[in-house]
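Naming convention: chains lettered A, B, ... in sequence-line order (proteins, then strands); numbering from 1 in each chain. Note: hydrogens, waters and symmetry copies are ignored here, and every other heavy atom, side chains too, is used.
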Amino acid sequence: MIAVKKRITGFVSLLLMVSMIAACSSNQESGGANENSGGKEDTSSKQEDTSKPVEITWWNFPTYQALDGEVGKYEKQLIEAFNQKHPDIKVNLEMITFDGGPQKLNVAIATNSAPDVIYDAPGRIIDWAKKDLLAPLDDMFTDEDKNDIAPAFWKQSMANEKIYMYPINTAPFMMAVNKTVFEKIGALDLLPLDKPDRTWTFDEYKKALEAVKEKAPDVIPSGFYAKSQAGDQGTRAYLANLGVSRFLNEEGTSVAINTKETGAALDWLVQAQKDGLVVSGSASLAAADVNDLFLQGKLAFSINYSAVLRAQNAPLKQAEFEDVLLPYPTLDGSEPKLEPYLGGMAIFNNDDEAKIAASKTFIDFVANDPEWGKKSLIQTGGLSVRNSVTGLYDDPEYTYSELARKFVTDPPTIADGYAEVRTFWFPELQRALLGSATGEEALNAFATKANDAIAKAKTANTAAK
Amino acid sequence: MDFTFFQKKQHIWRDWIASYLFLLPALAFFSVFVAYPMLKGIYISFFSYTLRDFDFIGLENYQTLFQDATFGKSMWNTLLIVLIAVPVVVIFSLFVAMMIYKKSEGLRSLFRGVFYLPAVSSVVSITVVWASIYHSNYGILNYITSLFGMEPISWLGDTRTALLSIIVVLITTSVGQPIILYVASLGNIPKSYIEAAQMDRANSWQIFKNILWPMLMPTNLYIIVITTINTFQVFAIIQLLTSGGPMYSTSTVMYGVYEQAFMLGNFGIASAMGVILALVIGVISFIQFKYLGSDVEY
């Protein structure tokens, strides 16, 4: 009897020891992004365990317009449709916000708890790719796919010659105008709406601002902001076009916006604020504050708009008016340079091949399913990155947005150290707006700091390769 | 055989065990949520800890911070906020408490409610209200100043007014609790002391100076230390109102920690900032305890 008890005790002890060792080793395997190099070779044992569903986590910004006013409702429907075709993959959805989401992602990555799939933009995705945190997606594309998408989009979806972002939706960033205000003051002819490409000069733009100031005193002619980083593309594209320059050079290796002309454009902006052509106190306003004024009908021009934002803002309008998209005016009337909004999906390399494979299946469904691919694209309010997919919307602003794609330029968001570069932008704008520096001085100071950050980040990224 | 010694020993041992068992939940909570993160923070501050790297670099983060003009500015702003806000909070709350002190119980409850409301309301909600008050185009503050013929002021967008505007919001969110504490402390001071002073024909100022103030010293110490620590850590108000601008004029060390860690992913630098802030708070709290400590009991 004692011998039997001993055997049972021995067996239970052995079982406990084995389970403890298994638990410990599974902890080690789940080690994270910072210990990637040591953990990657141990993934083969986990591959293709088809006996149970693979569970993946999808973190999503409000990329899709809220369905019935409920954020995340469309995503749930999308997952449900995906599960009808792929019951073996369970997708856990977590909605994050544009305000707190980026910070939450940084913390998740640093604490080895990053999601498997993310729908985001190149600014962050390519930065993660350069830090070796993402799984490459090259095997998801055929040559036919590659030819169907413009090189500019590929440039934004790649790092170290590998594809890390599955590009899906796009729209050029531009300005918007409250057309109703101009109709009311009988100055519609001051807007370049009779021109198919709607391009216009700085002088024409100034006349339009002055008309609003004179004839619609309860409306602020235009907006500007410099409080925080959100919407920074609007400020840099606005100034770059007014000064006929670029934010960064074509290679993305140094700042190019610090020209005499752009400095003068910034000086004009400072004066325009004093003259009442630009909202006062712009140094303390954020992009959202200015767009709120636009949606309330209190602002004639918003400098940070796109077809996507227009669709997303439609339910938020607090006044009845027609909003129309416009390109940024240029000093000499030359073609504007518009930064593209690009949205796409990426996969975090969480050292689990089964999850990576499942994530690819999910992304393929979101982007290419015959029914849900197109439906999802429309739900973003954006255009397709594919040349073969056009005419999704019956709306003149979308038609114009399609046309304005010819003005799209390289975005600076994929430059090395971009995350740090943008932290220097608003303090320098504030310096100019508050009269502590001339436009040119502020832009030069920005260039010095930003070039240093780009060079340092480039060195770090090269060393890490 | 004399068992008294063993019984006494056993008794002490039982008491020791019991006291530590009672302490255990708080100790476990403290260890997991305070001590461990604090030690880990100190540990991380010696590393280049980014989204990609985790390399030991010794004191390099501290060296970087001491050479960084923005960090210096943030530290200066933080100290300035503490130097202005803490005395104002203490004096204002004591003043209000004195006003309430002599009122009837009903009025005292009313004032407690009125002044405690901001303390129990979300800082975010109060800050959003203040953001609309300060709005340069549609804010009520500029409307009021315009009645006196003043030009609109960009309260949060001007380096001359932004920090002061932040301090005002901070004070409104900070005075509730000290007022309640002062009112409670004043209520606990035996009436006989004051009556005796009145019989000796002491005036209000003499009563305050010689009786109330010394007896409030333990409360003063608590309020000053807690308000100082909380003020050093002001974050939400700055994040919501100015994001540290314009031109870093409202940037504080705590906002810098947030910016470095969560926006830029430089956790090593952020931890070093946190360690420096903790040291500064520790030194100032020590000085406060040393010079404001009191053994008054009543």
Side-chain angles (χ1 to χ4, degrees), chain A residues 32-36 99-100 102-111 114 127-128 130-133 220 223 225-230 273 279-286 289 293 296 298-299 417 419-420 422-424 426-437 442 453 460-461 463-464, chain B residues 40 44 47-55 69-70 73 124 128 131-132 134-139 141-142 151-162 165-166 238-251 255-256 258-271:
Chain A
N34 297 315
E35 296 144 1
N36 278 349
D99 283 340
Q103 288 89 309
K104 200 173 168 184
L105 276 159
N106 275 349
V107 174
I109 293 166
T111 54
D127 192 43
W128 294 325
K130 285 175 182 168
K131 290 176 174 138
D132 204 20
L133 298 167
I220 303 164
Y225 49 87
K227 179 186 163 188
S228 59
Q229 289 174 21
Q273 190 178 252
V279 67
S280 66
S282 49
S284 64
L285 295 176
D289 300 327
L293 287 175
Q296 289 167 27
K298 292 174 179 168
L299 196 72
E420 197 171 357
R422 66 197 302 214
T423 64
F424 305 126
F426 280 127
E428 290 306 328
L429 282 188
Q430 289 169 347
R431 223 154 66 86
L433 289 169
L434 298 175
S436 297
N461 289 338
Chain B
K40 183 91 181 188
I44 288 171
F47 285 79
S48 165
Y49 184 6
T50 64
L51 296 184
R52 176 175 49 202
D53 312 314
F54 192 67
D55 303 324
T70 312
K73 175 86 179 152
V124 173
V128 169
S132 62
Y134 283 138
H135 199 291
S136 49
N137 297 89
Y138 303 104
L141 198 56
N142 271 350
E151 286 292 308
I153 296 168
S154 177
W155 297 99
L156 300 169
D158 192 319
T159 47
R160 290 165 301 182
T161 52
S165 304
I166 294 276
I238 289 166
Q239 154 77 347
L240 289 165
L241 289 183
T242 59
S243 299
M247 293 159 61
Y248 306 108
S249 62
T250 59
S251 182
Y255 185 77
Y258 161 79
E259 202 172 34
Q260 284 294 335
F262 304 121
M263 288 168 80
L264 296 172
N266 294 331
F267 295 93
I269 291 261
S271 297

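- Only the backbone of B:L241 comes within contact range of chain A, with heavy atoms under 4.5 Å apart.
- A donor and an acceptor atom, one from each side chain of B:Y258 and A:Q103, are located under 3.5 Å apart.
- Atom CG in B:L264 sits 8.0 Å away from atom CG in A:N106 (nearest 0.5 Å).
- A:L133 is not listed as a side-chain neighbour of B:R52, based on a closest heavy-atom distance of 4.5 Å or more.
- Taking CG of B:N142 as the reference point, atom OG of A:S280 lies at 8.0 Å (rounded to 0.5 Å).
- Put simply, OG on B:S154 and CD on A:Q273 are 7.5 Å apart, with the number rounded to the nearest 0.5 Å.
- Under the 3.5 Å distance criterion, the side-chain polar atoms of A:S228 are left unmatched by any main-chain donor or acceptor of B:S243.
- Minimum heavy-atom separation, B:P246 to A:Q430: CA-OE1, 3.1 Å.
- Only the side chain of A:L293 comes within contact range of chain B, judged by heavy atoms closer than 4.5 Å.
- Two residues are said to be in side-chain contact when any heavy atoms from C-beta on lie closer than 4.5 Å; B:D53 and A:K131 fail this criterion.
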| task | Kindly indicate, with the supporting measurements, whether the criterion side-chain contact (heavy atoms from CB on, under 4.5 Å) is fulfilled by B:M263 and A:Q229. | result | CA-CA 10 Å; B:M263 288 168 80; A:Q229 289 174 21; 3.6 Å; yes
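- B:T242 places none of its side-chain heavy atoms less than 4.5 Å from the side chain of A:S284.
- Within the 4.5 Å cutoff, the side chain of B:Y138 has heavy atoms near those of the A:K298 side chain.
- A:L433 does not touch chain B: none of its heavy atoms, backbone or side chain, sits under 4.5 Å away.
- Here A:D132 contributes atom CG and B:L51 contributes atom CG; the two are 12.5 Å apart, rounded to the nearest 0.5 Å.
- When heavy atoms are compared at a cutoff of 4.5 Å, A:T423 approaches chain B by way of both its backbone and its side chain.
- Residues A:A110 and B:F267 approach most closely at CB-CE1, 3.3 Å, considering heavy atoms.
- Contact of B:T159 with chain A is made through backbone and side chain together, with heavy-atom distances under 4.5 Å.
- A:L105 does not touch chain B: none of its heavy atoms, backbone or side chain, sits under 4.5 Å away.
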